[in-house]
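To find a chain, count down the sequence lines: A is the first, B the second, and so on, and within it residues start at 1. All values derive from a computational prediction rather than experimental measurement.
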Amino acid sequence: MSCASVRECMQEHLEGTRHPLELAGRLPDWAQRHLEGCGPCREACWQLVNVDCSLRRLSEIPPVPVDLTAGVLAALSAEPAVTPTRDRRWMQVAAALLVLLCLVGWTYVPMPVSLSAGWSLVASWTLPSFELPGLTETMMAVCAGVALLGATALNWRWARA
Amino acid sequence: MSPARQVDPSERELVLAAQQGSAPALEQIVRLHQEGLWRLGNRLLGSPSEAQDLVQETFVSALRGLARFQAGRPLRPWLVTIATRLGLNMLRTRRRARLEPFESDVADASPEPSVEVERRLEMERLMAAVGTLEAIPRAIVVLHYSEEMTCGEIGAVLEMTESAVKVALFRARERLRARLGGPA
């Protein structure tokens, strides 16, 4: 085993140790045996624990400037006020209604002639006589598409607001 | 800072009130979190004046995004994420690869006991060593030791994998060991 692997092992067991002997005691046997015979790694063990203990001091709160709060509040007051969050429940209801409308339409509105022709093609393997869809069906499809796109765009815009 | 931390009901109410535009609620949020953000900025940037700017910018940025914040989520991780990213941007744009000497007042502290002065000097030495690290390893060390975050939590803030954070932390500690403890 190399010094590098022992040092990596020391790092893995470092968390929460307060003394080099504690760290050494946590190491696996092979690493402990290496430490007994390797002066530089023993030294590294001491230094690593010392560095870890020193770094824990970073959690101490340094003296806070007296004008910190005032500065933050002044910066916030320069910003436009928070826009109250909008209630988006109506959009969920609208989406549910749209889905319901589609389901009702799918169930009760007669299939356009062209689609019926498609079904008959599958069912009977005979060539159907194609006809253009009626004006009403076309208008309904266009209106539903526009409504769906509009609702999606509105939702996206409000979500980003 | 554990991800499983329960959200304080009063914090939730504060956030909801602030989202409705309540200035007192916003002020209370500032008072609750400014110290922690100040420490983070101070450790990350190594300069009290820049840390003060960072705290201000963090709260301004948070205010802009407050309407989209889910009131049930804990506020602190969100603020720490904003502050860390802003701090990293400040480090990058100002091209300060190394920290300036810590702006302390050790010289003016003559009446203090020598132990206290010694502690301050040790902290300065530590900060100077942390300041020699590159921006990302520095942020990892600060978030781990100053904010007591796990590698997984740090990964979420910096958009890195947990193992990548772990490796970076190992390397940063090894560099600090070499700098503070001398070569072994």
Side-chain angles (χ1 to χ4, degrees), chain A residues 3-4 6-16 20 35 38-88 158-161, chain B residues 16 18-23 26-27 30-31 34-39 42-43 48-49 51-53 55-60 62-64 66-68 71 102 104-105 119 122-123 125-127 129-130 141-142 144-148 166 169-171 173-174 176-184:
Chain A
C3 291
V6 171
R7 289 178 193 197
E8 195 176 318
C9 185
M10 287 195 292
Q11 290 257 15
E12 279 169 7
H13 292 83
L14 180 66
E15 215 63 42
L35 274 188
C38 180
C41 281
R42 274 201 305 275
E43 182 71 17
C45 178
W46 278 87
Q47 289 171 348
L48 202 56
V49 173
N50 284 338
V51 165
D52 190 59
C53 288
S54 298
L55 285 171
R56 279 186 220 150
R57 285 195 57 208
L58 291 179
S59 63
E60 294 170 8
I61 303 263
V64 179
V66 286
D67 59 341
L68 182 65
T69 312
V72 171
L73 294 177
L76 290 179
S77 64
E79 285 289 304
V82 178
T83 312
T85 47
R86 299 181 182 95
D87 189 352
R88 298 195 184 112
W158 277 34
R160 287 177 60 89
Chain B
L16 283 171
Q19 284 177 329
Q20 297 303 319
S22 161
L26 195 62
E27 185 175 334
V30 169
R31 290 186 188 280
Q34 63 177 0
E35 269 196 2
L37 294 176
W38 158 253
R39 175 185 57 196
N42 208 323
R43 302 307 189 212
S49 54
Q52 201 161 351
D53 289 346
V55 174
Q56 286 184 14
E57 284 179 34
T58 301
F59 278 115
V60 167
L63 178 68
R64 287 175 188 157
L66 195 60
R68 290 193 304 275
F102 198 55
S104 84
D105 51 356
R119 275 176 67 83
E122 191 193 320
M123 180 56 90
R125 194 165 154 256
L126 181 67
M127 289 296 294
V130 171
V141 165
V142 169
H144 184 69
Y145 284 101
S146 169
E147 302 306 307
E148 297 173 351
K166 211 171 174 181
L169 184 62
F170 280 14
R171 287 181 184 157
R173 264 199 301 240
E174 195 57 34
L176 291 172
R177 182 189 68 76
R179 181 163 284 272
L180 292 168

Are the charged groups of B:R39 and B:E147 less than 4.0 angstrom apart, N to O?
->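 Salt bridge flag = yes for B:E147 with B:R39.
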Non-hydrogen atoms of chain B under 4.5 Å away: do they reach the side chain of A:L73, the backbone, both or neither?
->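 The side chain, not the backbone.
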With a 4.5 angstrom heavy-atom cut-off, could you sort out which part of A:E60 is near chain B: side chain, backbone, both or neither?
->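 Backbone plus side chain of A:E60, per the 4.5 Å heavy-atom cut-off to chain B.
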Whether B:Q19 side chain and B:L66 backbone form a donor-acceptor pair below 3.5 Å =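 Yes: the side chain of B:Q19 pairs with the backbone of B:L66.
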Using non-hydrogen atoms and a 4.5 Å limit, figure out which bit of [X] sits close to chain A: side chain, backbone, both or neither.
X	answer
B:L126	side chain
B:E174	both
B:R119	both

Pick from B:L16, B:V141, B:V30 with the largest number of heavy-atom pairs that fall under 4.5 Å of chain A |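 The candidate making the most pairs under 4.5 Å is B:V30.
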Using a cut-off of 6.0 Å, state whether more than 12 heavy atoms not belonging to A:R57 lie near its atom CZ.
->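 Yes - once you tally the heavy atoms of other residues, nucleotides and ligands closer than 6.0 Å, there are more than 12.
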Report yes if some heavy atom in the side chain of A:P40 is under 4.5 Å from a heavy atom in the side chain of A:C3; otherwise report no.
->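 No, too far: nothing below the 4.5 Å cut-off.
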Value rounded to 0.5 Å, distance of CZ in B:R173 from CG in B:L169 =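 Result: 4.0 Å between the selected atoms.
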